[in-house]
2 protein chains.
Amino acid sequence: MVALTAPTSPAAPEEPSQAPTATNYYERSLTVALLRARESTMRRFKKYVDERDLSLPQWRVLRALADGEPLDAGTLCERCVILPPSLTRILRALGERGLTRQVECADARRHMVTLSEKGQTMFDELVGASEHSRREIYDAFGPEKMALLLDLLNELREITETLPDHD
Amino acid sequence: MVALTAPTSPAAPEEPSQAPTATNYYERSLTVALLRARESTMRRFKKYVDERDLSLPQWRVLRALADGEPLDAGTLCERCVILPPSLTRILRALGERGLTRQVECADARRHMVTLSEKGQTMFDELVGASEHSRREIYDAFGPEKMALLLDLLNELREITETLPDHD
DNA sequence: TATTGTTATACTCTATAACTATA
DNA sequence: TATAGTTATAGAGTATAACAATA
């Protein structure tokens, strides 16, 4: 995390505006800003997930599968930011609840899963139940800014993933 | 998390562009985008924290204190997105390592802490060591976009925090 | 032999409630 | 009586390594 702000020494001249001062240095940390923005928005949705006895990682898995096509464990790990051992447990729990079901795959090593009808229903219900909260944030922040923010976030991720591996 | 995309039904007409399709729906979830952007950037910094045997929450605490002024536990909890019981453990661990020290406070209930000289040194060293990685992301993404993203993230958080409490 | 997941294990954080000390 | 933290405790995720099955 962390060092995504200017160094402690005065900001280099070519780094425009927003130069951190003693009192807002912390606010200019990218990873902290990402964490706090996520916390403040997610807090308003967590109750809908809690009501259905889902953990947030479990919900991300349902959400990723709700796009339609079956996915394998590796893809789910990457998209949902979940480590393989955690995903194994999560897929077992979701499967036992009948929310997901396994799909055969030509490559028998792959664990392919898809949403069951029950899982799709739970997904739709949760999205519907939380729509008011989503809308509230969306309207307060502004649709254009929201679209811009999403684009910037996805672009940042894509760019960062293509950078050469850390030493 | 979660429902920060359009509902499953077709996007309302007043929600411009970026309407989620079957294949990118997941990508348009704000909380997921925040998580993934954080993961991809933090991954490049985690080694610097690991090398110093700090957890990410511990590092956030040092970072928050590096702004200079002593902070109480409640403020640290909020700024670092850490629950009180976790912070208690973290402050104990940092204190035992001599990275932070307690500061007296008029209100004896408050647990006020500040960075020790050793803590400040570790902070400076970590920021210096990771500067190359920070710069790499900063340059690849672009200084203007980075500043814009930070502003949007902080604004989103502030707006969300001022919304009426969830039902 | 390389790849995909699972199992094992230790540690940390999350989350809630109950408790202590101070105001 | 309200507030600020700590302690207690259960549960889930993080992370690494070792293992199994398949390609």
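All chains are named by letter (A, B, ...) in the order of the sequence lines, taking the proteins before the strands, and each is independently numbered beginning at 1. These numbers come from a predicted model, not from an experiment. Reckoned from all heavy atoms, side chains included, excluding hydrogens, waters and symmetry mates.
We find that A:Glu39 and A:Arg43 are joined by a salt bridge, their nearest charged nitrogen and carboxylate oxygen being less than 4.0 Å apart. Salt-bridge formation is detected for the pair B:Arg28/A:Asp151: a Lys NZ or Arg NE/NH1/NH2 atom is positioned less than 4.0 Å from an Asp or Glu carboxylate oxygen.
Taking atom CD of B:Glu78 as the reference point, atom C1' of D:dA4 lies 15 Å away to the nearest angstrom. Rounded to whole Å, the distance from CD1 on A:Ile90 to C1' on C:dT6 is 14 Å. In this structure, A:Leu54 atom CG and D:dA12 atom P are separated by 12 Å, rounded to whole Å. Summarising the geometry, the separation between NZ on A:Lys46 and C1' on C:dT16 is reported as 11 Å, rounded to the nearest angstrom. The separation between A:Met42 atom CE and C:dT14 atom P is 11 Å, rounded to whole Å. Straight-line distance from the CG atom of A:Leu87 to the P atom of D:dG13: 10 Å, rounded to whole Å. Between A:Leu91 atom CG and C:dT4 atom P the separation is 16 Å, expressed in whole Å. Atom pair A:Leu56:CG and D:dG13:P shows a separation of 9 Å (rounding to whole Å applied).
Only one option out of B:Arg157, B:Arg79, B:Arg63 pairs with A:Glu27 in a salt bridge (Lys or Arg N to Asp or Glu O under 4.0 Å); it is B:Arg157.
Comparing A:Leu83 and A:Arg109 against DNA chain D, the residue whose closest nucleotide sits nearer the 5' end is A:Leu83. Heavy-atom distances to DNA chain C give each of B:Pro84 and A:Thr75 a nearest nucleotide, and the one nearer the 5′ end belongs to A:Thr75. DNA chain D is contacted by both A:Gln58 and B:Asp107; B:Asp107 maps to the nucleotide lying nearer its 5′ end (nearest heavy atom per residue).
B:Ala93 comes within 4.0 angstrom of no nucleic acid atom, judged by non-hydrogen atoms across all strands.
Side-chain nitrogen and oxygen atoms of A:His111 include at least one within less than 4.0 Å of the OP1 or OP2 phosphate oxygen of C:dT6. OP1 and OP2 of C:dT12 both lie 4.0 Å or more from every side-chain N or O belonging to B:Arg89. Regarding contacts with the backbone of D:dA12, every side-chain N or O of A:Ser86 stays at 4.0 angstrom or more from both OP1 and OP2. Contact check, B:Ser55 against C:dC11: no side-chain N or O comes under 4.0 Å of OP1 or OP2.
Checking D:dA23, C:dA23, C:dT7 against the side-chain heavy atoms of A:Arg92 singles out C:dT7 as nearest. Comparing atom distances between the A:Arg110 side chain and each of C:dG5, C:dA21, D:dT16 picks out C:dG5 as nearest. Considering only the side chain of B:Pro85, C:dA15 comes nearest among D:dT22, D:dG5, C:dA15.
For the pair A:Leu62 and A:Gln58, the minimum side-chain heavy-atom distance is 4.5 Å or more.
B:Thr75 OG1 to B:Arg110 CZ: the interatomic distance, rounded to the nearest 0.5 Å, is 7.0 Å.
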